[in-house]
2 protein chains.
Amino acid sequence: MADHVEELIAGTRAGRPRAVARLISLIERAAAEAAADSAASATLRRVMAGLATPGPDGREPYRARVIGLTGAPGVGKSTTTSMLVGELRRRGAKVGVLAVDPSSPFTGGALLGDRVRMQEHATDPGVFIRSMASRGHLGGLAWATPQALRVLDAAGCEVILVETVGVGQAEVDIAGLADTTVVLLAPGMGDGVQAAKAGVMEIGDVFVVNKADREGAQATIRELRGMLALGTAPWRPPIVATVASRGEGAADLLAALDKHHAYLAESGELARRRHARARDEIEQIAVASLRARIVRVHGDRRLDELAGRVLAGETDPYSAAAELVAGL
Amino acid sequence: MADHVEELIAGTRAGRPRAVARLISLIERAAAEAAADSAASATLRRVMAGLATPGPDGREPYRARVIGLTGAPGVGKSTTTSMLVGELRRRGAKVGVLAVDPSSPFTGGALLGDRVRMQEHATDPGVFIRSMASRGHLGGLAWATPQALRVLDAAGCEVILVETVGVGQAEVDIAGLADTTVVLLAPGMGDGVQAAKAGVMEIGDVFVVNKADREGAQATIRELRGMLALGTAPWRPPIVATVASRGEGAADLLAALDKHHAYLAESGELARRRHARARDEIEQIAVASLRARIVRVHGDRRLDELAGRVLAGETDPYSAAAELVAGL
């Protein structure tokens, strides 16, 4: 196992797609097992320690630009992501794509249709595409997502696109992971004012109105503009109209992303966001390791017994939790 | 403060709306402060301990039926909830409503329009209505939501309706909190197959196709039926057509909910779900208290310093987290 991990790290550093894919798989498995298995935790630690230092080519870690793309199902996130990959490739940038899937036993594989749209890039050695499950112990995004970003960063990706589905917690999580968050809307999906209700509007650094050739696109843009005019933050999010299925708007979108990146760098906000992200990650890992310790020390039986006592009215959940913590 | 808490608990037990509202507010504030303030934690513990035992009338805790309602923005959740409240009131049941809002500084108050639909019940002493913010440290639903359920339970509510917005983690969370989860769809919103993609289909115990007088309703029902036919679980979720704005389908919906409740009770699933819920709650409180201890022991400066070292490539997030945990 030890040599295996080192080998995968070295392969990742060299930008070999198979090593990148296998290292992310290893992280996913280890993250799922880490709560119950201290060997899995140790493996995760070794991988992260291996990726934290500058690479053999002197490339420092944490240099990749991370761009999150989010929006309701059906707005065209995968198509837009694919369009953006094409545009970045034309510039010669190495690109990583993480598609975060809300997987479930019932709907497993439902997103395969989307991934087909990515296939034009599947054989390009300068593009790493990976999908991950979105259910984790710590919110909408997979526990392993920040760590998968590290792997793609170490593989030399200059830009990483993180695409996620849904309206809700996943958006908030993606904003925590990304330097720039793109919120996608489409006309005629009730996504204008409705999106505002769901609380995703304030996480958008750049807005895309996709399917801009459809009826209602101008109305959606107007509504959005009116809403954004209420904001008071120093960065006023631009609105880009695209027809991603025909590649229209790719250059405009990339220009908007570059402008936001320049703003982040100049204002010091980029450093601030990355610092906050590192803090969150450390804190989450610490909390996860404490949670793992609860499970390891007490086991399932003890938790079951406490749950039974709470349900019987013999104790309350706070006192039960205090018993767990005191026993560590 | 001590007398105050006891007074609010006694008032809640007596079913006094003002005491219920103030106790939930107190829990919300304390939950927000508990990470940094051990007095807030102590208050929460006292409230929960006070509510955990049987009431003066002999009513045992954890007896309320908890019904979650979820679906994309615009499908008519608030209207359906309001219709259900009316139907339950006609039966004489005491009802609690928790509306979980995805609040944010930018969109704060955006749901006020919805709450107007609840106003017909606002003066009914047999109905407790409360909205809560949905952003918490531990996922889509507010940290304090399970505790607010306790308060409504102690106030004598026989049924508690929890309404939440969004497609994503909040749904998964609501399914963890509720005995029965209702997933709402509406025709012409791209919510059929699309909802399946977002992974909410498998959490529905009962499906509602609201706005069933609109074009496309039959197609939505057919599509849903085809999808549910793929399921292999012993409970086959029924589909109820409603026009909530006109009160149509209220009795059918309540009949479907009763049938599911009977199924849960007979199959032993009700006890299993409630046990799992109590376990989750204990574990989350334990983890939250450990997280609070990290903040209290190390303070912000230490976390900032570690984040800086990670960003500089001097350490990795796992080693940084291990330092935090070792210092407890």
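Here the structure is a predicted model, which means the values were calculated and not measured.
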For this session: Nearest 0.5 Å please: distance from the CG atom of A:D316 over to the CD atom of B:E281.
Result: 9.0 Å

Problem set entry | Non-hydrogen side-chain atoms of B:L290 and A:V325 separated by less than 4.5 Å | yes

Exercise. Which bit of B:L324 is near chain A, if near means a heavy-atom gap under 4.5 Å: side chain, backbone, both or neither?
Worked result: side chain

Exercise. Quick one: side-chain contact (heavy atoms from CB on, under 4.5 Å) partners of B:R214, sequence neighbours excluded?
Worked result: B:P187, B:K211

Problem set entry | Heavy-atom pair of closest approach, residues B:A321 and A:I282 | CB-O, 3.6 Å

Exercise. Going from CG on B:L306 to CD on A:E283, what distance comes out if it is rounded to the nearest 0.5 angstrom?
Worked result: 11.5 Å

Exercise. Pick from B:A320, B:A307, B:G313: which one has the most heavy-atom pairs with chain A under 4.5 Å?
Worked result: B:A307

Problem set entry | Residue, of B:L311, B:T315, B:V310, that accumulates the most heavy atom pairs under 4.5 Å with chain A | B:L311

Problem set entry | Heavy-atom pair count under 4.5 Å with chain B, highest-scoring of A:A286, A:G308, A:A233, A:A312 | A:A286

For this session: Let me know if A:D304 has heavy atoms under 4.5 Å from chain B in its side chain, its backbone, both or neither.
Result: both

Exercise. In terms of heavy-atom proximity below 4.5 Å to chain A, should B:L303 be classed as side chain, backbone, both, or neither?
Worked result: both

Exercise. Checking heavy atoms, do the side chain of A:I294, its backbone, both or neither come under 4.5 Å from chain B?
Worked result: side chain

Exercise. In chain order, what residues pass the side-chain contact (heavy atoms from CB on, under 4.5 Å) check against B:R45, with sequence neighbours excluded?
Worked result: A:Y318, A:S319, A:A322

